[in-house]
Amino acid sequence: MKITLLLLPLLLFGCVSTSSVTTPVANNTQYKPVEVAYKVKESDVAETLKYLTLDELEGRETGTKGMIKAADYLEQFFKNNNVKPYFKSYRDTISTFKETAFNIVGFVEGTDPVLKNEFIILSAHYDHIGIDKKGVNGDFINNGANDDASGTTAVAEMAKYFSSTQNNKRSILFVFFTGEEKGLLGSKHLAKKLKDQDFKLYAQFNIEMIGVPMKREYLAYITGFDKSNMAAKINEYTGKNTIGFLPKEAEYELFYRSDNYSFYTLFKVPCQSVSTFDFENFEFYHHVSDEFKAMDLPHMTSFIQELLPAITQMANSPTREIHMK
């Protein structure tokens, strides 16, 4: 999620005041909350997150050896968990960057002969900003744990879940974007590529900075809250107050600052980012202290677990229940 540098004083000192507006759980829901027997393991969450934030990856800047090491790990993760490549390989090379850089794209085909032609995209960006030339207390590596190794880890766990359960009628693309920190380059490239192929997108659920919890009555917020009914439907599907409205998200127009926007621009369907970074709970945005040890692993694990029923129902509803307003 690209946040203008003018906001950094607010981020570093945690002085932004936000009010808490919740999204009620829908009454008279069409579905009982989906029950998911599958359990996300904290040890698995930790394993992926820890690797992506190692110093040897040098901050995963787009086009560097560190980015390639992260891509190699994510590609092997897909292979180990029987997530197939959507294209001929997992690597979708972007065409708008001088160095070699690529998105990693996996695929779990839907089980319904008709609905499988519609796609959900679950995504996060795995790149970060690399080496800090000045450094802080001798640390020069922007490890990018919250931004966005946390979201990348969540998407990886969701890919593992759907690959093992095969309980999605719609097909799902699992995408790890590169070039987000360079101006959404990876998502712009893939969105155009898929649009040119007459790709039928149902919705995109992009995950940004979920490494620490918020102290609010809801688990997370989505960008562009009023643009679709996604928040209300997720709460209906989980039977909880999972997604709420964050006023600062609307004020800073975060909908336009992450990889969801590239897809919304071309497909005009619900494409939104979910986050638990609320401008008060994490002071190390684009900072060398955004490291593995600063992440709340129990929170990340419970976040992924709580979202599984919602994504499951999203992938199985017989009609287009999530739509633009």
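Computed over heavy atoms, backbone and side chain alike; hydrogens, waters and symmetry mates excluded.
H128 and E180 share no donor-acceptor pair across their side chains, judged by distance under 3.5 Å alone. No side-chain N or O of T223 forms a donor-acceptor pair with one of Q272 less than 3.5 Å apart. D127 and T178 are not linked by any side-chain donor-acceptor pair at a separation below 3.5 angstrom, with hydrogens and angles left out of the test. Side-chain N/O atoms of S163 and N82 include no donor and acceptor closer than 3.5 Å. At a cut-off of 3.5 Å, with distance as the only test, no side-chain donor of N316 or N168 sits close to an acceptor on the other residue. Y161 and T312 share a side-chain donor-acceptor pair at under 3.5 Å. In the model, E306 has a side-chain atom that pairs as donor or acceptor with a side-chain atom of T242 under 3.5 Å.
You'll find the ring centres of Y126 and F177 outside the 6.0 Å limit. Ring to ring, Y285 and F279 are not that close: their centroids are 6.0 angstrom or more apart. Between F267 and Y202, the distance separating the two ring centers is not shorter than 6.0 angstrom. Checked against the 6.0 Å centroid criterion, the rings of Y261 and F263 do not qualify as a close aromatic pair.
In terms of the side chain to side chain contact (heavy atoms under 4.5 Å, CB included) criterion, residue partners of E109 (sequence neighbours excluded) are, by chain and number, F107, K116, S171. With sequence neighbours left out, the side chain to side chain contact (heavy atoms under 4.5 Å, CB included) criterion links I68 to D72, F102.
Atom NZ of K325 is surrounded by more than 12 heavy atoms from other residues, nucleotides or ligands within 6.0 Å. The 12-atom threshold is exceeded at NZ of K195, counting heavy atoms of other residues, nucleotides or ligands nearer than 6.0 Å.
We find that R170 and D112 are not joined by a salt bridge, their nearest charged nitrogen and carboxylate oxygen being 4.0 Å or further apart. The pair E75-K79 counts as a salt bridge, with a side-chain nitrogen and a carboxylate oxygen less than 4.0 angstrom apart. K182 has a carboxylate O that lies under 4.0 Å from a charged side-chain N of E61, or vice versa, which qualifies the two as a salt bridge. A salt bridge links R216 and D278; the closest N-O separation between the charged side-chain nitrogens and carboxylate oxygens is under 4.0 Å.
Among F176, F77, F78, the one residue that satisfies the ring pair (Phe, Tyr, Trp, His ring centres under 6.0 Å) test with Y90 is F78.
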Residues 35-46 side chain polar contacts: donor-acceptor under 3.5 Å, at least two apart:
unit_1: D44; atom_1: OD2; unit_2: K160; atom_2: NZ; d: 3.0

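A distance of 13.5 Å separates NE2 of H287 from CG of N146, quoted to the nearest 0.5 Å.
Using a 30° and 60° split on the angle between ring planes, Y51 and Y73 fall in the parallel class, below 30°.
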